[in-house]
Amino acid sequence: MGFYWSFLTVLLLLGITAPCALGFGFLGAMAARSKFFVFSLFGHAYIAIVRGVPEIAFFMFFVIALDQFLEWSRHKILCPDWSEPIRQGNDFVVCQAAKLPLSSAPQWIHESYGFTLAVFTFAIVFGAFSANVLFGAMRAVPYAQQETAYAYGMTSSQVFWRITVPQMWVYALPGLGNLWMVLIKATPLLFLLGVEDIVYWARELGGSKTARFTDYPHPDWRMWYFLALLVFYLMFTRVSEVVLDRLMKRLTHGQATAAGEAQRRAEA
Amino acid sequence: MSCWDIIADYGLRSIGIGERLLPRNEFTLCHQFTLIGSGMIWNIYFGVLALLSGFFFATLLALGKMSTNPIFRRSAEWTIFIFRGSPLFIQFFFAYFLFLSLKQSFPIFSPFTSAWIGALVVLFLNTSAYTGEIFYGALQSIPKGDIEAADAYGLTGMKRFRRITWPTMLRLAWPAYTNEAIFLFHATTLVFFSGFPTTRQRGDALYYANYFADKTFNPFVPYPILAGYFIVLTLIVIGLYGLVNKRLNRHLPTSDRGKIKLRMNIIR
């Protein structure tokens, strides 16, 4: 059963991460565009640092770092009269009440805490990628459009929300579509973050079983399990590709771009 | 023990030369820098060999995808689709267990279950597929005039390919190919986390960084060190590819030269 649930885990992760990452990306792009120097620096640094380093290094770093950060801040709030240092040699020690999740918590809380950390990590990393895409897309909106809006007396936040944002999606979609594919292909890395996902179950169930331990003795089937995963991902990316193509066609309809022009010609 | 001693002991640890045991209770900055740096040997080994061999196979794949012969075209298309459509992580797992079961019937496959050649094969095929798609795109956008001019000079067949088509393809593909190379180096960090076992703790940079993070419960030291190494590696790759780019474009007027832009948004 766990094996089939784990497919749902992957889909759930995609379903939660994609909007979160888009939100992070939007904030990042807005920060990078900002005229206020500190925000702009922060936005650019966010984009540059996350993209320059191998992603799994980031995944592994963030999960521990976030965990320790949360425990450290709870420690500061909940146990103010704790005198010993937190880092004792090679150990990270916080008081009992600050442990996350609490050691008395039931099993499902432990599992969902791990999953939440994983989602948050994915959102941070993919937020940086999508911030880059959205930043480019916002700049690709023809400047004359914004100038016209200013000439009509709109304030800059009105221009941003009413002119730039609605028009940028068509420029952002190829990049975001690419990111979606990349996100699908990054989901097996969940395994490295300690979530029991499809890779975990494929290894567990496929491994050789003898009659003594289980009801289903079989030799080493891990190869076939992983082949099934491979096919699952291939179908998933293929379907996404087709859907994204359709969506792109819808969005370019009537746009002043080369593809939109080609559609108009074909119809005329 | 001075830092030089540590470098002498652990500098080549990842390929099995030097101290046999990893440090157990001493984790100075010098230890971490040395061991993680020593792990980079594997990342560079995988990256360089896969890139060199993948380059030629990618050219073949691109030509195959352009070919009018349906057998060549179909097989090239499928190779590219399979390796680009599925996660590299799953490919590693699948390949490892495939080699493991092949080993039982054909002993000749026994070296393939160790990382130094098995993972290299996977990386080689993977980078060939990604690069093949880049080269295919470049082949499609070769200016019509170049081919016509070659025809007018009486160049045909192999000669036309070698003197006109191929250099132009490389010129067009080079910026995208640079990104591919950078991402291949990032992808090499996956090797030891995906099925392929480490023998006697000879791992790559991420393996050692993970080792230190596990031992010290402090991710804030080893992972930034790893990130620093990778940023340096990325800069070196950009520099080398920039030199080749300069040579490829040396006959063009300076303003037309394609500048390599760093656009990173791919994970496999």
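Numbers restart at 1 for each chain; the letters A, B, ... are given by sequence-line order, proteins then strands.
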Take B:Phe93 and A:Tyr225 through the test side-chain contact (heavy atoms from CB on, under 4.5 Å) and record every step on the way to the result.
CA-CA 10 Å; B:Phe93 269 115; A:Tyr225 272 97; over 6 Å; no
Evaluate B:Phe89 against A:Lys185 for side-chain contact (heavy atoms from CB on, under 4.5 Å), listing each step before the verdict.
CA-CA 8 Å; B:Phe89 197 53; A:Lys185 286 188 266 171; over 6 Å; no
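Heavy atoms of B:Leu98 lying under 4.5 Å from chain A belong to its backbone as well as its side chain. For a residue to count as touching a neighbouring chain, one of its non-hydrogen atoms must lie under 4.5 Å from one of that chain's; by this rule B:Phe185 does not touch chain A. For a residue to count as touching a neighbouring chain, one of its non-hydrogen atoms must lie under 4.5 Å from one of that chain's; by this rule B:Leu233 does not touch chain A. The part of B:Leu226 that comes within reach of chain A is its side chain, from C-beta onward, which places non-hydrogen atoms under 4.5 angstrom from that chain.
Note that CD1 of B:Ile82 is 11.0 Å distant from OG1 of A:Thr237, once rounded to the nearest 0.5 Å. The distance from the CH2 atom of A:Trp224 to the CZ atom of B:Phe94 is 7.0 Å, given to the nearest 0.5 Å. A:Ile184 contributes atom CD1, which lies 12.0 Å from atom OG of B:Ser86 (distance to the nearest 0.5 angstrom). B:Asn210 contributes atom CG, which lies 7.0 Å from atom CD1 of A:Ile64 (distance to the nearest 0.5 angstrom).
Side-chain atoms of B:Gln91 and A:Leu230, non-hydrogen and from C-beta on, do get closer than 4.5 Å to each other.
No more than 12 heavy-atom neighbours from other residues, nucleotides or ligands sit within 6.0 angstrom of CZ on A:Phe120. Within a 6.0 Å radius of CZ in B:Phe124, more than 12 heavy atoms belonging to other residues, nucleotides or ligands are found. Heavy atoms from other residues, nucleotides or ligands lying under 6.0 Å from CZ of B:Arg73 number more than 12. Remark: A:Phe42 CZ is loosely packed, at most 12 non-hydrogen atoms of other residues, nucleotides or ligands lying under 6.0 Å away.
Between B:Phe97 and A:Phe226, the two ring planes are parallel [angle under 30°; tilted spans 30° to 60°].
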